[in-house]
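The structure appears right after this line, and notes come after that.
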Amino acid sequence: MWQQDTGEELHRKTRNMKYWLVKTESSTYSIDDLKKDKKTHWHGVRNYQARNFLKDMELGDLVLFYQSVNEPLGVSGVAKVVKIAYPDPSQFEKNSEYYEEKSSPKEPRWFCPDLKFSRKFKEIIKLADLKKEKDLMDMHLLKIGSRLSVQPVTEKEFDKIVKLAGNERD
DNA sequence: GCCAACGTTGGC
DNA sequence: GCCAACGTTGGC
């Protein structure tokens, strides 16, 4: 699958492909869950800055999957944007932990894109290893106190992390 | 489990 | 619109 995606190597130079990183706790939703589901709506983000980045995502953008809180911490794979952000349905569900009183279908506050499984790294790229890379030191993720759950990533940074993952597939 | 960093809330 | 209080995130 990843090999097929290398067709994108050429493709992405011809358009403004963007790269992102999303955080998730693996006990809540891991790359294996995404692999199993094949596709998911990235719901539940309740931070304005993160929301704005979700809305900036475009079809075909690639998204690094970072798992926080539970060891091992690090990047576990890649997902692809297959549907641009639309109103997050969970904000309207009274029983949901993501329910948002101040939202209405007419004036939705929170949005989510759909992400499709693209690749699981053979081994997780550990946070500690990311920190060792000079090329990555500007990543938002590595800034002290970074809590942003959706972040833009440069093409260079994305390529670097994919390179660290190697070409072997899980 | 601690705690620093940071976002949000709400009184003024 | 300031800012203190509070809640949450997330690495360690």
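Remember, predicted model here, so these are calculated numbers, not experimental data. Chain identifiers are assigned alphabetically (A, B, ...) following the order of the sequence lines, protein sequences preceding nucleic acid strands; residue numbering begins at 1 within each chain.
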Test item: A:Pro87 and A:His43 side chains (from C-beta on) under 4.5 Å apart, heavy atoms: no
Side-chain heavy atoms of A:Leu62 within contact of A:Phe158, under 4.5 Å: yes
A:Tyr98-A:Trp42 aromatic ring centre distance below 6.0 Å: no
Aromatic centroids of A:Trp110 and A:Tyr48 separated by under 6.0 Å: yes
Under 4.0 Å protein heavy-atom contacts per nucleotide of nucleotides 3-11 of chain C, with B for base, S for backbone only and - for none: ----BBBSS
Of A:Glu93, A:Lys94, A:Glu100, the residue whose pairing with A:Ser96 passes side chain to side chain contact (heavy atoms under 4.5 Å, CB included): A:Glu93
